[in-house]
Amino acid sequence: MNPYSTQFIEDDDIQAVINALQGHSLTQGNLTHEFEQKIADFIGVKYALAFNSATSALYASYKAINLDENHRAITSPISFVATANMMLECDSKPIFCDVKANGNIDEKSIKSYISNETKAVVSVDYGGNSVEADEIQKICKENNLVFISDSSHAFGSRYKNQKVGTLADITIFSFHAIKPITTAEGGMLVTNDSQIYEKAKLIRSHGMIKKELWNCDVKSSGFNFRMTELQAALGMSQLNKIDRFLNIREEIAKFYDKAFEGNPYFFTLHQHIKYFSTNHLYPIILAPEFWCSKEDIFKSLQKEGLGVQVHYKPINEFSLYKDILGETNLYNARDFYRAEISIPCHQKMNLEDARVSAEKILSVFEKFKVPSH
Ligand SMILES: *Cc1c(COP(=O)(O)O)cnc(C)c1O
């Protein structure tokens with residue numbers, strides 16, 4: 001199976017982890033702090049905080065802005081469920097805003113959802129493609145909202161000439177195994193705001209601060225959301241390769257764009273992307289006449305050894321969210337879900353793999369062609 005995305009671990013990554021294993025400390029220590037500094041430098045922000053996952057980093061960022069039962073956040077239904085689940089864990093509730101044809105939150109619709117209880121906008125850079133950050137930042141400023149970017153797909157992406165991570169008040173990256181670079185499990189919160197940084201840091205580790213000798217104080221409740229030194233070592237080794245990884249992904253995406261040009265079955269999002277993307281996903285968007293055969297198409301693609309996936313079932317359509325929010329009709333999100341398939345695109349592939357994959361995909365669709373009249 002050629003998966004839609006996968007990790008790429010090389011000898012030096014393995015050696016870095018072995019060295020860390022032989023080090024003085026295995027839990028959050030010097031390597032983690034070094035990793036945080038490198039991420040802060042790479043992105044160009046003041047603060048970076050490493051977490052054991054992006055999910056816990058999201059939780060800490062919501063807590064850090066005091067999202068609670070009296071407040072709500074506007075977010076995208078086309079995301080991994082963690083973006084919204086962590087709001088529920090803060091006793092808050094999401095307000096789902098519909099998406100555009102590229103799967104990103106429709107910045108023009110955000111305003112219509114703002115009320116007195118709205119505290120934040122949490123956007124998602126779908127597939128690595130940056131949201132329209134200037135517009136969202138402007139809406140947030142005008143309405144006194146916090147702009148949080150779940151950029152779990154987008155470590156290394158750009159918006160205009162800026163790096164993703166510098167645009168929102170808080171940005172979250174994921175280093176889950178199949179994200180652009182990995183620490184197996186892991187996440188990072190980046191911000192320029194010292195207060196948010198300090199609060200999130202407390203939540204990461206029991207609300208505890210060290211004082212002199214054995215003395216410490218507990219300032220808030222908290223968790224153990226810490227990253228290990230093994231993960232940080234792997235993360236630093238992977239960070240050295242980010243340009244190579246992203247260039248391979250971009251090359252494959254460009255190859256696909258060409259291979260699929262003018263085909264009657266689907267269009268691709270990548271060809272319309274304005275800003276440099278990690279291409280965490282390479283989504284194809286099926287023409288409506290194929291939507292009812294999507295299950296069979298999906299199965300046929302799997303049979304051909306293609307590890308395809310669908311990103312995402314809209315979060316508002318999960319039973320939990322229907323129970324909490326009632327039925328919400330977000331037509332673009334629903335159509336996006338009906339139409340989307342993510343095909344293999346990752347740094348472990350070469351152009352020959354991409355050629356084989358493209359050929360198989362086109363031949364599968366050929367079989368499902370609706371006869372013309
Ligand atoms: C992967 C992902 C997460 C969760 O990341 P973890 O590191 O697995 O916790 C959150 N949001 C989005 C959009 C993701 O793709």
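This one's a predicted model, so the numbers in the text were calculated from it and none came from an experiment. Counting starts at 1 for both ligands and their atoms, following the listed order.
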For atom 7 (O) of ligand 1, the closest protein heavy atom turns out to be S174 OG, 2.8 Å
Per-atom filter on ligand 1: closer than 4.0 angstrom to a heavy atom of G186 are 7 (O)
Does some non-hydrogen atom of H280 fall short of 4.0 Å from ligand 1? no
I want to know if ligand 1 touches H176 in the polar sense, i.e. an N/O pair below 3.5 angstrom. no
Parallel, tilted or perpendicular: ring planes of F175 versus F35, cut at 30 and 60 degrees: tilted
Which part of D150 is near ligand 1, with near meaning a heavy atom under 4.0 Å away: side chain, backbone, both or neither? side chain
Which residue and non-hydrogen atom of the protein lie closest to atom 2 (C) of ligand 1, and at what distance in Å? K179 NZ, 2.7 Å
Have Q347 and R249 got a donor and an acceptor in their side chains that come within less than 3.5 Å? yes
Note: ligand 1 atoms sitting under 4.0 Å from heavy atoms of Y312 are 15 (O)
Return the closest protein heavy atom for atom 15 (O) of ligand 1 as residue, atom name and distance. H153 NE2, 2.7 Å
Would K138 and E107 pass as an ion pair if we require N to O under 4.0 Å? no
Based purely on interatomic distance, does A54 place a nitrogen or oxygen under 3.5 Å from a nitrogen or oxygen of ligand 1? yes
Can you find an N/O atom of S79 closer than 3.5 Å to an N/O atom of ligand 1? no
Electrostatic pair K93:E69 at N-O distance under 4.0 angstrom: no
Run the numbers on K210 and D217 for salt bridge (charged side-chain N to carboxylate O under 4.0 Å, His left out), then give the verdict. CA-CA 7 Å; K210 291 222 160 77; D217 194 17; over 6 Å; no
Do any N/O atoms on E185 end up under 3.5 angstrom from N/O atoms on ligand 1? no
Decide, yes or no, whether a salt bridge links D68 with K119 under the criterion of side-chain N to carboxylate O below 4.0 Å. no
Specify side chain, backbone, both or neither for T83, according to which of its non-hydrogen atoms lie closer than 4.0 Å to ligand 1. side chain
Pair D335 + R338: basic N to acidic O under 4.0 Å: yes
Between T191 and D193, do the side chains contain an N or O donor and an N or O acceptor separated by less than 3.5 Å? no
Counting only N and O atoms by type, is there a donor-acceptor contact under 3.5 Å from the side chain of Q7 to the main-chain atoms of A184? no
What residue and atom, counting heavy atoms only, is the protein's closest point to atom 9 (O) of ligand 1, and at what distance? T55 OG1, 2.5 Å
What is the closest protein heavy atom to atom 3 (C) of ligand 1, and at what distance does it sit? S152 OG, 3.6 Å
